[in-house]
A.B. asks: 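I have a structure here, written as structure tokens, and I will follow up with some questions on it.
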Amino acid sequence: MSQRVSHPGAGGFIIQRATSVLLIPLSFWLVWTVVRLTGADHEAARAFLSSPVHAALMAAFVGLSALHMRGGMADVILDYSDGTARQVLRLLNTIVAIAVTAGAWWGLFTLAF
Amino acid sequence: MAQAPARPTSPHLTIWRWTASMATSILNRATAIALYSGTVLLALWIVLAALGPQAYAPFAALMRSPLGLLALFGYAWSFSFHLLAGTRYLYFDTGRGLHPKTANRTSWAIIVGSFALAAGIVAAAMLHRN
């Protein structure tokens, strides 16, 4: 009979560090984006997000962030919850990560084409 | 599954004497949770931009309000802190910088540096806006 494993193991460890390394350079670009676009009107936001380079960088940033934040939140959930609550929270966490990625990628695709 | 006995949960705040590296560890997790909602907002911004000017307008107005400015500063600081602290954890992973004295010193550098970086981001955003 197999033991149910509740810890993410080495896979999670590696994903967390790999996404960290990739997000460091991307974060400099994101800061520049935030500075440029805070409170921007729709036309400015649309023009920025539909440029191929920025759309690709944003798609990468959101996708890597979703992986990174899902892993981090999974650790918080394992630390502070048990039983059914833990299972429900882990499911919600995965749904949020997928929704964030799918929403942003859909938006970028719609703006680009 | 049997109910686990009621044990104290980490990080045992009532037991340990506060140190800068302990505060940095806790703040790294707190800013992570703040950034989790920040990334949800970022995705929402993209979705609203894709839906068109009518859907986008209320969000842009909210971001220009004092509440939006507060959210921007919160995001900028959480981001700055998590970036600096995360980079330090990658350095820790190489087995260096782990001496308590060194770790406390770099913790203070991260705490001070994160506010400086956040102030710079918000100032640049405000200047660029006008």
Side-chain angles (χ1 to χ4, degrees), chain A residues 4 13 16-17 19-21 23-24 27-28 30-50 55 58-59 61-62 65-66 68-73 75-76 79-84 93 96-97 99-112, chain B residues 1-4 9-11 28-30 32-33 35-57 59-65 68-69 71-72 75-76 79-80 82-83 86-87 89-90 93 117-118 120-130:
Chain A
R4 181 180 290 179
F13 182 94
Q16 215 56 9
R17 273 135 193 95
T19 52
S20 297
V21 170
L23 282 167
I24 290 170
S27 67
F28 287 97
L30 186 84
V31 167
W32 179 68
T33 302
V34 167
V35 167
R36 261 186 75 158
L37 291 172
T38 305
D41 60 19
H42 181 261
E43 181 46 36
R46 192 204 57 77
F48 182 87
L49 290 171
S50 57
M58 186 59 87
F61 183 83
V62 173
S65 292
H68 188 83
M69 72 194 216
R70 175 173 175 262
M73 190 58 87
D75 285 345
V76 175
D79 277 355
Y80 296 110
S81 67
D82 274 312
T84 311
N93 187 34
V96 169
V100 161
T101 310
W105 286 6
W106 170 83
L108 292 167
F109 187 85
T110 305
L111 285 164
Chain B
M1 195 159 62
Q3 189 66 41
T9 48
S10 71
N28 195 51
R29 181 166 275 192
I33 294 166
L35 289 171
Y36 192 101
S37 29
T39 306
V40 173
L41 271 183
L42 182 70
L44 183 67
W45 172 65
I46 297 169
V47 168
L48 293 174
L51 287 175
Q54 273 196 319
Y56 185 85
F59 186 82
L62 187 68
M63 281 313 292
R64 276 190 234 104
S65 72
L69 186 67
L72 176 67
Y75 185 69
F79 176 84
S80 303
H82 202 75
L83 173 68
T87 305
Y89 284 125
L90 288 173
D93 284 347
L117 189 56
I121 293 170
V122 172
M126 296 316 293
L127 284 174
H128 199 275
R129 186 183 289 186
N130 298 317

A.B. asks: Considering only heavy atoms, which portion of B:Y75 lies under 4.5 Å from any heavy atom of chain A: side chain, backbone, both, or neither?
C.D. replies: side chain
A.B. asks: Non-hydrogen atoms of chain A under 4.5 Å away: do they reach the side chain of B:L90, the backbone, both or neither?
C.D. replies: side chain
A.B. asks: Quick one: OH on B:Y89 to CD on A:Q16, what's the gap to the nearest 0.5 Å?
C.D. replies: 13.0 Å
A.B. asks: As an exercise: rank B:P53, B:A43, B:A49 by heavy-atom pairs under 4.5 Å with chain A and give me the winner.
C.D. replies: B:P53
A.B. asks: Between A:L37 and B:H128, is the side-chain contact (heavy atoms from CB on, under 4.5 Å) condition met? List the steps.
C.D. replies: CA-CA 9 Å; A:L37 291 172; B:H128 199 275; over 6 Å; no
A.B. asks: Identify which part of A:T38 has an atom lying under 4.5 Å from any heavy atom of chain B, answering side chain, backbone, both or neither.
C.D. replies: both
A.B. asks: I need the residue from A:R70, A:R36, A:R46 with the largest number of non-hydrogen atom pairs under 4.5 Å to chain B.
C.D. replies: A:R36
A.B. asks: Quick one: what part of B:A124 sits under 4.5 Å from any heavy atom of chain A, side chain, backbone, both or neither?
C.D. replies: both
A.B. asks: Work out which heavy atom in A:A104 is nearest to a heavy atom in B:I46; give both atom names and the distance.
C.D. replies: O-CG2, 3.6 Å
A.B. asks: Would you say that A:V76 contacts B:R29 through its side chain, given a criterion of any heavy-atom pair below 4.5 Å between the two side chains?
C.D. replies: yes
A.B. asks: Can you tell me which portion of A:L49 sits under 4.5 Å from chain B's heavy atoms? Options are side chain, backbone, both or neither.
C.D. replies: side chain
A.B. asks: For A:F109, is it the side chain, the backbone, both or neither that has a heavy atom under 4.5 Å from a heavy atom of chain B?
C.D. replies: neither
A.B. asks: At their closest point, which heavy atom of B:Y56 faces which heavy atom of A:A40, and how far apart are they?
C.D. replies: OH-O, 3.2 Å
A.B. asks: Apply ring pair (Phe, Tyr, Trp, His ring centres under 6.0 Å) to A:F48 and list each qualifying residue two or more places apart in sequence or on a separate chain.
C.D. replies: A:H54
A.B. asks: Any chance you could measure A:H68, atom NE2, to B:Y36, atom OH, to the nearest 0.5 Å?
C.D. replies: 12.5 Å
A.B. asks: Please name the pair of heavy atoms, one in B:L42 and one in A:L30, separated by the smallest distance, quoted to 0.1 Å.
C.D. replies: CD2-CD1, 4.2 Å
A.B. asks: With a 4.5 angstrom heavy-atom cut-off, is it the side chain or the backbone of A:L23 that approaches chain B, or both, or neither?
C.D. replies: neither
A.B. asks: Partners of B:R64 by salt bridge (Lys or Arg N to Asp or Glu O under 4.0 Å), sequence neighbours excluded?
C.D. replies: none
A.B. asks: So what's closer than 4.5 Å to chain B heavy atoms on A:T110: side chain, backbone, both or neither?
C.D. replies: side chain
A.B. asks: Counting only heavy atoms closer than 4.5 Å, note whether B:F59 contacts chain A via side chain, backbone, both or neither.
C.D. replies: neither
A.B. asks: State, to 0.1 Å, how close A:V35 and B:I121 come at their nearest heavy-atom pair, and which atoms those are.
C.D. replies: CG2-O, 3.8 Å
